[in-house]
S.K.: 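After the structure tokens below, expect a handful of questions from me.
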Amino acid sequence: MTNKLNNFDAVVVGAGFSGLYMLYRLREAGFSTRVFEAGEGVGGTWYWNRYPGARCDSESIYYNYTFSEELYKEWTWSSRYPEQPEILKYLNFVADKFKLRPDIQFKTRITEAHYDEDQNNWRIQLDDRATVTAKYFITGVGCLSAANLPNFKGLENFKGKWYHTGHWPHEKVDFTGKRVGIIGTGSSGVQAIPVIADEAGELTVFQRTPQYSAPARNHPYDPEYIRQSKENFKEIKKQMRESQGGQPVPTPTKSALEVSKEEREQVYNDAWENGGLGIFSSYYDITIDEAANETAAEFIRSKICEIVKNPEMAQKLLPSYYYGTKRPIIDTNYYETFNRDNVSLVDVKSSPIVEITQKGIKTTEAEYELDAIVFATGFDGMTGPLLKMDIRGKDGVSLKEKWMGGSQTRTYLGVANSGFPNFFMITGPESPSVLSNMPVSIEQHVEWIGDCIEYLRENGMETIEANVDAEEAWSQHCREVAEATLFTKTDSWYMGANIPGKPRRFLIYLGGVGAYRQKCDEIAANGYEGFTLKFSKKPVS
Ligand code: NA7
């Protein structure tokens with residue numbers, strides 16, 4: 001094994017769910033591995049997203065690793081939907097339990113990773129100017145880690161304080177009595193708005209697209225429920241891995257259109273009362289068929305009208321895009337917040353923001369004076385975190401060039417790229433990633449990559465590289481699956497439509513995590529079909 005301080009078997013980017021497990025997996029197999037992490041601590045997404053109300057929308061008992069039964073049984077979640085501080089605590093617990101920190105270099109960004117064909121290694125440039133080399137380069141950068149701060153004119157003139165939800169300060173931000181403006185009503189905005197409204201003197205919400213949200217109905221866990229989940233660990237793990245979305249929920253078999261209106265309303269109502277994403281998974285055709293989709297959309301709109309007392313306000317909050325084709329949201333008192341006297345709503349679709357002034361936000365209709373602005377404006381998803389680094393494969397070709405600035409993003413299985421030997425992406429573009437329960441997809445990739453690297457070692461092989469035709473076929477398959485749904489008909493971050501100038505392309509594999517796992521396993525079992533594997537030039541020692 002190689003490790004002369006700056007030469008590793010593997011370098012991993014990021015110390016979130018992906019990087020921590022990748023480190024553990026490779027170290028267990030005897031590979032020298034170094035993780036580089038920009039933050040001062042572990043956690044990834046959950047290290048950076050500390051905004052008020054930040055919470056996960058997967059249930060706690062499924063939003064964790066399952067590679068270690070011991071770990072699963074040692075950790076106890078407090079409530080149905082885990083809050084950011086608790087998830088961060090969990091990931092710190094994992095890092096301590098498996099003694100991962102000595103192999104993680106914090107406060108260090110990777111700026112470049114270039115493949116050296118002669119040496120068959122990756123030369124990796126760090127922002128402290130040091131260079132390290134590694135045989136394998138693996139990204140665990142997450143899908144939503146490159147913050148999108150819209151390029152509003154005049155932000156530098158604003159006299160108050162401003163924050164992005166994805167880079168929230170570590171210390172408490174005190175909004176007591178302040179005039180706060182928040183731009184954005186995606187998951188982050190919808191979670192933060194009720195909490196900030198509780199504290200702020202006045203809260204002005206700048207909304208471009210109204211959202212569908214359903215109540216989370218978060219609650220503390222019953223100890224008996226936790227006991228049962230631990231007892232049933234093996235079965236839960238199996239179901240998660242074989243499921244469509246990474247959680248052991250039944251796959252819907254009925255169409256929304258084959259049942260009576262009364263039955264459908266009952267199903268939606270039950271899901272609403274139960275809380276969570278139940279409406280989204282009520283019927284199989286909600287994301288496929290316009291009429292089926294409209295039944296769910298109309299149900300949520302009717303709830304908004306019931307909750308929001310001011311009819312004019314309610315009207316502004318009614319979404320019209322296909323339900324579920326932007327990330328469906330779950331909330332705690334989101335629509336209720338618009339009944340508060342200290343909350344107002346500005347529609348920035350009809351009157352767009354023209355500039356940030358010294359005093360606040362100016363739209364085409366008015367200027368709003370503010371003490372603080374919160375940007376809940378999301379991320380350059382999927383490709384953004386990867387393209388922040390200058391990653392270059394064979395012949396010095398960059399990932400950006402290969403993907404033609406995003407118009408031709410294509411990968412093999414969302415894990416590898418032709419022209420980039422020994423480079424792996426955990427939950428990369430064209431894998432199930434964000435349309436699944438992330439820890440399940442992360443574990444699947446980590447295990448697949450770990451097995452692959454072990455296979456190469458066992459067989460004395462030097463390199464693995466995706467073939468162009470296999471990559472093209474996979475990418476095409478991903479697009480065909482997506483085009484059979486309504487997802488591609490909406491301007492969403494899934495489509496890259498939230499980033500001005502970013503080419504539209506749906507970069508998530510919708511075939512389901514169970515089927516995807518099976519496909520990846522088959523490929524491995526067939527000697528890594530669709531990849532070219534090369535033997536070592538040197539004799540194997
Ligand atoms: P999202 O879901 O991308 O939401 C960002 C919000 O910010 C959304 O309402 C956008 O409106 C709005 N936005 C973005 N740019 C602008 C500009 N220039 N002007 C006005 N409004 C703007 O990000 P989140 O952080 O909430 O959630 C990301 C994911 O994290 C989430 O889906 C979960 O998977 C976890 P738009 O809808 O584009 O009109």
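First listed ligand is number 1; within each ligand, the first listed atom is number 1.
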S.K.: Among all residues two or more places apart in sequence or in another chain, which pass the side chain to side chain donor-acceptor pair (under 3.5 Å) test with W474?
M.R.: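 Partners of W474 by the side chain to side chain donor-acceptor pair (under 3.5 Å) criterion come out as none, since no residue qualifies.
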
S.K.: Quick test of your reading of the model: are R109 and E37 salt-bridged, counting only N-O distances below 4.0 Å?
M.R.: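 No salt bridge links R109 with E37.
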
S.K.: Tabulating one pair per line, provide the atom names and distances (0.1 Å) for every N/O atom of ligand 1 that is less than 3.5 Å from a protein N/O atom.
M.R.:
residue	atom	partner	partner atom	Å
ligand 1	7 (O)	A376	O	3.2
ligand 1	9 (O)	T185	N	2.8
ligand 1	9 (O)	G186	N	3.4
ligand 1	25 (O)	S188	OG	2.6
ligand 1	26 (O)	S187	N	3.0
ligand 1	26 (O)	S188	N	2.8
ligand 1	26 (O)	S188	OG	3.3
ligand 1	32 (O)	W493	NE1	3.0
ligand 1	34 (O)	R327	NE	3.3
ligand 1	37 (O)	T209	OG1	3.3
ligand 1	37 (O)	K326	NZ	2.7
ligand 1	38 (O)	R208	NH2	2.9
ligand 1	39 (O)	R208	NE	2.9
ligand 1	39 (O)	T209	OG1	2.4

S.K.: Which pairs with one or both residues in residues 186-198 pass salt bridge (Lys or Arg N to Asp or Glu O under 4.0 Å), sequence neighbours excluded?
M.R.: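 For residues 186-198, and leaving out neighbouring residues, the salt bridge (Lys or Arg N to Asp or Glu O under 4.0 Å) pairs sorted by first residue read D198-R340.
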
S.K.: Cation-pi check for F206 against R208: NZ or CZ below 6.0 Å from the six-membered ring centre and within 45 degrees of the axis, yes or no?
M.R.: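 Pair R208/F206 does not count as cation-pi.
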
S.K.: With sequence neighbours left out, write down each residue that passes ring pair (Phe, Tyr, Trp, His ring centres under 6.0 Å) with F280, or none if nothing qualifies.
M.R.: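 Once residues adjacent in sequence are excluded, F280 has no partner under the ring pair (Phe, Tyr, Trp, His ring centres under 6.0 Å) criterion.
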
S.K.: Flag this pair as yes if the NZ/CZ of K326 is under 6.0 angstrom from the six-membered ring centre of Y321 and inside a 45 degree cone about the axis; otherwise no.
M.R.: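 Judged by the rule, K326 and Y321 form a cation-pi pair.
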
